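Report on one structure; see the data block that follows.
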Amino acid sequence: MGERIFVVGAGSMGSGIAQTFATAGFDVTMHDVKKEYVDAGFGRISGPLLKRVEKGKMTTAEVDAIVSRITPSTDFGDAQQADLIIEAVFEKMEVKKEVFSRLDAVAKPGAVLATNTSSLSISEIAAATTRPQDVIGMHFFNPAPVMKLVEVIRGSLTSDATFHKAAAICTKLGKEAVAVNEAPGFVVNRMLVPMMNEAFNILMEGVASAEDIDKAMKLGTNMPMGPFELADYTGLDIGLHTMETLFSETGDPKFRPSPLLRKYVRAGRLGRKVGIGVYDYRSG
Ligand code: CAA
């Protein structure tokens, strides 16, 4: 495929993005700070692929070929060879800036430096580098190997060349890119996350049970998952963080985080990843 890809972060989005590129034939390096995190990322990749083997949708040879295109790394220096670097670390501006300043020091000239942030400012992340023209948002959706969309987000100084390179790569991945100018929550999360937030308000007011709110949205609007199933799937902490960003960036009370969402996050009810969110997954 030509381009070499370096993914920073082997969590659910980072590993899903690495898998997406490897499935499309790219050589990928998947980086995290500790070997155990990288190993866990490989587990998140092989698990769903082996389920596809069980269903007769893939062969083990195909799975092996995908996994073998992904090189593990705990050394930032490995980013030196990459044509495209995608960061998928914590949704904290200070962490992102630190990553981009380190990438700036090692990446080759002209490499595209992309962030998978779901709502933070691309311009502010880019300002941590000496090459803001090469920095762009490439926002994948969970599960990245399945979801068709990538929001390609221009920061204030992103060049047209960088935008076109990022959009062309989405096409090579078999994804559809939409062009977005930086704004809090971009397009999808500005609408989707407030909808999920409102579900928490509806539950808090006792209007309907969690099960019935999910059922209503699935059967009434053909959503594949109800808002609480989706919140548990993507992480309540991620949803709360997006609401806080929308609220603080705009000052608009329509983006006020639901007190019930806040309460669940404070209780550690973060969703499937910890076994309990709106629903309890611990017994089954
Ligand atoms: N790798 C490869 N294939 C995978 C996979 C993975 N990680 N996960 C699922 N699949 C495949 C399955 O093998 C299956 O393939 P076939 O149809 O060929 O059998 C297909 O995807 C569907 O999966 P399942 O049969 O297991 O389950 P499902 O039909 O219930 O679909 C789902 C699961 C795709 C997650 C579906 O429920 C869905 O689309 N949910 C909504 C997801 C969504 O809205 N995501 C966006 C979240 S918002 C976000 O991400 C933004 C943010 O910043 C927080």
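Along the sequence shown, the residues carry numbers beginning at 1. When reading the values below, keep in mind they use all heavy atoms of this one structure, side chains included, and skip hydrogens, waters and symmetry mates. Counting starts at 1 for both ligands and their atoms, following the listed order. Remember, predicted model here, so these are calculated numbers, not experimental data.
- Residues Phe247 and Phe255 place their aromatic rings such that the two centres sit no closer than 6.0 Å.
- Protein residues with a heavy atom under 4.0 Å from ligand 1 are Gln19, Pro48, Arg52, Lys55, Lys57, Ser118, His139, Phe141, Asn142, Pro143, Pro145, Val146, Met147, Asn189, Leu192, Pro224, Met225, Leu230, Thr234.
- Side-chain contact of Thr162 with Ser159: a donor-acceptor pair under 3.5 Å is present, judged by distance alone.
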Could you check Leu113 against Ile136 for side chain to side chain contact (heavy atoms under 4.5 Å, CB included), going step by step and ending with a plain yes or no? CA-CA 6 Å; Leu113 308 186; Ile136 194 156; over 6 Å; no
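- Taking the charged nitrogens against the carboxylate oxygens, Glu124 and Lys97 do have a contact shorter than 4.0 Å, which makes a salt bridge.
- Contact check on Asp232 versus Lys273 returns no salt bridge, with no Lys/Arg side-chain nitrogen under 4.0 Å from an Asp/Glu carboxylate oxygen.
- Residues satisfying the side-chain contact (heavy atoms from CB on, under 4.5 Å) test with Arg44, not counting sequence neighbours, are Ser12, Ser15, Ala40.
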